[in-house]
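To start, the structure itself, in structure tokens.
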2 protein chains.
Amino acid sequence: MQRTRISEIFSSDSPLGEVLVQGWVKTRRSSRAITFVQVNDGSTLRDLQVVVDEGNPAYPVANALSTGCSVSVTGEVVESQGKGQRFEIQARELQLVGGADPETYPLQKKRHTPEFLREIAHLRPRTNTFGAMARVRSAVAFAIHSFFRERGFQYIQTPIITASDAEGAGSMFRVTTLDLNNPPRREGSVDLGEDFFGRPTFLTVSGQLEAEIFALALSNVYTFGPTFRAENSNTSRHLAEFWMVEPEVAFCELDGLAELAEDFLKYIFGHVLENCDEDMQFFNRWYNEEIISTLKGIVDSRFERITYTEAVDMLLQSGESFEFPISWGVDLQSEHERYLTEKRIGRPVIVTDYPKEIKAFYMRLNDDDRTVGAMDVLAPGIGEIIGGSQREERGDVLLRRLRESGLNEEEYYWYLDLRNYGTVPHAGFGLGFERTVQFITGVSNIRDVIPFPRTPKNAEF
Amino acid sequence: MQRTRISEIFSSDSPLGEVLVQGWVKTRRSSRAITFVQVNDGSTLRDLQVVVDEGNPAYPVANALSTGCSVSVTGEVVESQGKGQRFEIQARELQLVGGADPETYPLQKKRHTPEFLREIAHLRPRTNTFGAMARVRSAVAFAIHSFFRERGFQYIQTPIITASDAEGAGSMFRVTTLDLNNPPRREGSVDLGEDFFGRPTFLTVSGQLEAEIFALALSNVYTFGPTFRAENSNTSRHLAEFWMVEPEVAFCELDGLAELAEDFLKYIFGHVLENCDEDMQFFNRWYNEEIISTLKGIVDSRFERITYTEAVDMLLQSGESFEFPISWGVDLQSEHERYLTEKRIGRPVIVTDYPKEIKAFYMRLNDDDRTVGAMDVLAPGIGEIIGGSQREERGDVLLRRLRESGLNEEEYYWYLDLRNYGTVPHAGFGLGFERTVQFITGVSNIRDVIPFPRTPKNAEF
């Protein structure tokens, strides 16, 4: 008999008849001559109630089930008398597949702290929160691919191991096969020419520069892959390993990019609201009571667009006392971003044209020679969710900016080549996948939105 | 005016009227009082012919265009008189956006060797081959996500940086932030406890073990991400960095897995044949004249299933003289696999139940105590394309196998926990993404199916 998923049973209009259900026991309670077993198979947040009568040969087995046991059940789907569930299953046969000793099984019927669950990250996917998280993550990932596919973007896998550095700064992880205890040396120093790739190599911090290569041939491309930061940041918003989405578009300027970012966020949020209602209700109930209305608000709103200079004026005139004083030329802090999007404007804001000193060398210099075509998307409840820019497409300007930034122009020969041969205006942005999932679910610690978080001193599992 | 993609112009039934087209010049030829410019924008393999008459103010600009220049053209789409193209565009305006000095631009109108193109991997996406490759890769990636999504699988991002080793062997890249020239030491050795994660860490060789964690909670999951091998293999089939797809299914045994693998390959190949006809015709013409018929053959065929023992018998009775002699207990070599699938059976073959000695510790031990529930899918023209197995779900057997393999059982405590708590039969396989793209396109060197290949002594771009 073919296995039926519990999600299929609940999404059917009428009882499905005789089915085979397989999953894990959430709870069991016995009441007089009946045992009720709540079974979950991960296809949905909802457990299926399995009813086993005393007369059933499987009754002793059912009556001894505990949280975490795996079971295989055949029986008839019927309308449920219990409240909160439409269908249940009257067991004909029930088999214990794998036990879970209640004396030692760490997941019991109670709330566990996120800290405890991180220690048992190999079992936490069996909890409601992490099951829902996995389904929402997967839906968001699919929405990302669908959005770009529908718009004719090609998905490009940019390299993870790299010899270049997209930001011209930032802490990177080294990748090596040298014997650390006894590395080859040359004139006293470790000879990295002897390393696997014949040169120093690192884990990528961004696929942007390589995505530009493909945008200047295929017009519309995006990356979606892991990126890395070797920063010793133990905060609820930082991971050493996280996934990033980076579209890059040829013949596109800052306005077009802002439009793409707005459409993109609305599409993803709309997709999750439409496809993950049950899981989102769960997050809304237990993690952030406003998250569904916030997401709906974003989908329905027109994003405001202001320049950095206008933003600074608004902040100066606000009368608020900020921890970090604001003035033209300093970067916006989280408190400033939240004031703008939450208090002042009340919906998402796209801030453009930042001072060149606080932005990367590859951002397009504006005619004022003071600002660059950068763009940050700020959303209520989270602050910055997307950062991007129009790229400097003029070879001479780029070369000057490279030199001003103290970068080695020879290492960027290929990046300059893109400007020397068939250059075009182009633009792109980056979206941190985990921060987006964090925002969508309302879960406060980023360690709890990724299967196995990588943070300083932690690479378990 | 909104940009129109060239693919839209060609896929329309009738001329689209006045459009704005932007792209890169493939070639230009001038004939009497007319200049013909072939423009490509990456949305399709096909170039759009732009016709500029002598009377047009832009004629001098058009007449000076060379390969690689970027242009912006407005004009009327009309039926083309030329052969091989249905539509062309009568330019009204034409602007040179970015030049490309023909004296130095490396891509000219001639065939370049793959070796030369690898050296200019930042420009090769502008060639027909690499444009087609990017589109096919993207289509295959999307087909992978769609296949699993349609079947209720959740996409899981397993970690890239890991402290465990899925194979219990294999060369791995170390990830470190230690100063190689002056690392902290403890009792003479480098103190890896001082490294970023407080322990030795490496780049993953497979997400399987972590995918099992999620399969034993969500039932149906898959990974799709980069994996790494620090092997000094300079062959046309090996990369140090490549992408892998790894589904993992709970309550699934070897038969169910074989069915999934067959459905999966047929779905992907069918998707490419249906959605990438133009690009596939190109590969069929220039790279492998049989590739379309081979793919169609696989989509239409029923995969044969034989055991390893039957395969060895077939090989022994074949009368062929193999470079590597065959006998029960040795692994199948490429020549054996190709004999079976190409000469003997003539269609894809799934070989199951290999000797335990030549397979990994986590594969399920069969009742004969000699073989394990392993599965390889062999396809004509390529050999092994998928490798997988049913996983050992019995805690005591797994522990014995771990010890026999000389692995440290304490490091695998969480993998054993999955068997101690709610264990279920489960199975999964791995598909190398680049080898699949190599097979689909008929391109012989794996360095030419990935944007930026990572191989020994090469991490350029």
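Just so you know, these numbers come straight off a predicted model, no measurement behind them. Proteins get letters first, then strands, A, B, ... in listed order; numbering begins at 1 in each.
Between A:Phe173 and B:Phe197, the ring-plane angle classifies as parallel under the 30° and 60° cut-offs.
Interface summary for chain B: among A:Val71, A:Leu203, A:Asn181, A:Thr104, the most heavy-atom pairs under 4.5 angstrom belong to A:Asn181.
A:Leu180 has its side chain within reach of B:Leu192: a pair of non-hydrogen atoms, C-beta onward, lies under 4.5 Å apart. With contacts defined as side-chain heavy-atom distances shorter than 4.5 Å, the pair B:Thr176/A:Thr176 qualifies. Proximity of B:Pro425 to A:Val97: side-chain heavy atoms (C-beta onward) are separated by under 4.5 Å at one or more points. Using a 4.5 Å heavy-atom cutoff, the side chains of B:Gln157 and A:Ile450 are not in contact. Taking 4.5 Å as the limit, some side-chain heavy atom of B:Arg454 sits within range of a side-chain heavy atom of A:Pro159. You'll find the side chain of A:Tyr421 reaches within 4.5 Å of the side chain of B:Arg126, heavy atoms only. Counting only heavy atoms from C-beta outward, the side chains of B:Phe461 and A:Leu209 never approach each other to under 4.5 Å.
Among residues two or more places apart in sequence or in another chain, the salt bridge (charged side-chain N to carboxylate O under 4.0 Å, His left out) test is passed with A:Glu212 by A:Arg419.
A distance of 6.0 Å or more separates the ring centres of B:His122 and A:Tyr415. In this structure, the ring of B:Phe452 has its center no less than 6.0 angstrom from the ring center of A:Trp414. You'll find the ring centres of A:Phe251 and B:Trp24 inside the 6.0 Å limit.
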Side-chain atoms of residues 143-153 of chain A: list all donor-acceptor pairs with protein atoms under 3.5 Å, sequence neighbours left out, distances to 0.1 Å.
residue	atom	partner	partner atom	Å
A:His145	ND1	A:Tyr222	OH	2.7
A:His145	NE2	B:His145	NE2	3.2
A:Ser146	OG	A:Phe142	O	2.9
A:Glu150	OE2	A:Tyr267	OH	2.8
A:Arg151	NH2	A:Asp263	OD2	3.1

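For the side-chain hydrogen bond (donor to acceptor under 3.5 Å, both in side chains) criterion with A:Ser219, the lone passing option out of B:Arg5, B:Arg3, B:Gln22 is B:Arg3.
The contact between A:Ile156 and chain B is made entirely by side chain atoms (from C-beta outward), counting heavy-atom distances below 4.5 Å.
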